[in-house]
Asks: 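One structure is given below, represented as structure tokens, and several questions about it will come after.
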Amino acid sequence: MKVLAAMSGGVDSSVTAALLLEAGHEVVGATMKLWGGPSDQGCCSVADVDDARRVCHQLGIAHHVFNFSEDFDAAVVAPYLDAHTHGQTPNPCIECNRHLKFDRFLQRGRQLGFDAIATGHHARITNDGGAWELRRGADEQKDQSYVLHMLDQASMAMTLLPVGTMEKSVVRAKAAELGLRTAAKADSQDTCFLPSTGGRETFLGDRIPLRPGRVVDTAGNAVGVVEAVELVTVGQRRGLGTATGDIRYAIDVDTEAGVVTVGTRDELMVARQSLGSMTWTGEVVAAGDAVLVQTSAHGKTAEATWTGVEVAWNEPHRKVAPGQSVVLYATDDDRVLGGGIAQ
Amino acid sequence: MTTPRPLAYLDNAATTPMRPEAVTAMLPHLGEQYGNPTGSHSLARAARAVIEDAREELAAALGCDPGEVVFTGSGTEANNLAVASAASGPVLCSAVEHHAVLVPVTQAGGATIPVDADGRVQLAAIEGDATFVSVMLANNETGVVQSLGDVRARFPSAVLHTDAVAAFCWVDLAATTAMCDLVSISAHKFGGPKGVGALVVRDGVKVAPIIRGGGQERERRSGTHNVAGIVAMAAAASATVREREATIARVEGQREQLRRALLDVSDVTITAPSAPHTAGTLHALVGGVESESLLIALDDLGVCASAGASCASGALEPSHVLAAMNVDPVAAKGALRLSLGWSTTDADIDRACVALPKAIESLRVAR
């Protein structure tokens, strides 16, 4: 097959390209230029593009750079700013997967005549002669199925995830064996467009108004102030300006009113939460079905029932910050059923 | 790695293959004639003589005095040196300048002169005077040529600089830039090697050096001379001037063939079709495709072309030239630049005429 390998400059995508070549595919590597703003670090920075290019050279394959910065700005950065303005906590890396990697990049691959794209994500796409299925990666700690939950049948049919069946240590060993310069490179951790100094606060502060807010308890009593209500995330405990002795969590953020409501841990727990913008990897999950729910990239799953619009947890669960992705797994804790955005 | 195959190289605006005369001229200086021109022994004096011969040769091609030629490490450096010479007072450059002029001008607090839909400066849009004005003779993306005479007439007392990097092959600089105080050129655009260029600094015009040290080039550009590069640059310049008319005649025919092949494809427009332009550049806007994809598809078919400037990561940047010309941003996404040169053969053109419609159609097919 002719495969377009998405190269981030990291060790996983480097080994992905190598494995595809070993399997006899015709491979071309490409890196997306998405940001390149003042932070220019983390995933896909200029330095990363150079690493990706050199790895491709080592492997003897062509390397291209796709400038998708306009799409990135429209589909990832602008919504990120908008979400924070409205007191939500977005997950930009998921939007990047949704709109850039498995949309724009995949379309470009198709257009250029490739049979498939490949990424270095730790997850598996399988097909037992029926439908395509998205499953957790072999390395539990590195499993990235959560951030890939938006894949559908069409995109899975055209995507290869070669390292999804491997432990990370094996991936690094493979890279070292091949003499790839990225073998010992650290994994990228933070959102690619947030500067290393100042992070989210600086980034947002430069672009949206950050307004002080009142902090109140569930009875409406004023308990403190925050400098920037747009920086508060539901579930956070620190930096809430509260002077009370007991531990309080942000349980609601109302940017319009400029109010953060705090509560006890018990008050943070909810029995159910509705999800919007649902996507399904295959069949839509029926109301009443039992599911396992994961609310963060590497968090533990919790048992719940899908009601058709809400996740109804078997046991009270921390309220998920609105804007965050919630992913539904089958009860085998392996297959991803779909996911949506916490409301 | 795919098997190397003959390429139809249509990216001469990016760089040109070295002329045989230039290679021949530089070889001894990669071997036994390795002297540093700054020195008193015979090897140094021999190197000195060689670069002074090159200076004279280049001056003849440029229509200036040898003492007015400052050797630099690139066209970009020549541009930077020119802009650095701007004294206090309003500094202007056209909105379509290469970044090697735009960036220094912007950093010096300068402003841009707007251009019309063809990319030619709209001098009437500027009020007042300026102490330094830079307008490129020919645009590296579109090939459109400016009227420097009009610029000089509008700013009679300004120091006038022209970036002639894209124009050298196609225009008689001696005649056309006589009214300019500073003229930049770059060797690898006219069959010389990369890593060497020159700035013409008319007698009486002061340049503040940006590279300081040993005081070479009469204090205007320090650093040991790139003897091999300088000698090759002069040889390439002479050959270019000698063959210019014949090259232009041949290239015009080749360009016309490409133009027809492009216009045969639906939804393709030639950029600034009626503006004066250099013979070698053909710029088009291809509807319904993205430049990035088109260049990859053409590359797969053995045709080397480009679309605009690349950034540090190697990705294509949207063209500031097309933006300044008010080209519709959607149309600008399909920009294609084909640039011919001294070595372009009819076989290159034939291959491109087959590849272009094939590449374009393949990208337009809905998948």
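Every chain is numbered from 1 and lettered A, B, ... according to where its sequence line falls, protein lines coming before strand lines.
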Asks: Measure B:E290 against the heavy atoms of chain A and call it side chain, backbone, both or neither at under 4.5 Å.
Replies: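 The answer is the side chain of B:E290.
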Asks: Output the option from B:L295, B:L316, B:I296 having the highest count of non-hydrogen pairs under 4.5 Å with chain A.
Replies: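 Sorted descending by pairs with chain A, the first entry is B:I296.
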Asks: Give, for atom CG of B:N140 and atom CG of B:D163, the distance between the pair rounded to the nearest 0.5 Å.
Replies: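 It is 7.5 Å, given to the nearest 0.5 Å.
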Asks: Look at A:H63, A:R104, A:E70 and state which one has the largest set of heavy-atom pairs under 4.5 Å with chain B.
Replies: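 Ranked by contacts with chain B, first place is A:R104.
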Asks: Going by an N to O cut-off under 4.0 Å, is there a salt bridge joining A:K33 and B:E317?
Replies: yes
Asks: Decide whether B:S339 and B:T281 meet the rule of one side-chain donor and one side-chain acceptor closer than 3.5 Å.
Replies: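 Per modelled atom types, B:S339 and B:T281 side chains form no pair under 3.5 Å.
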Asks: Taking NZ, NE, NH1 and NH2 as the nitrogens, is one of them in A:D103 or A:R98 under 4.0 Å from a carboxylate oxygen of the other?
Replies: no
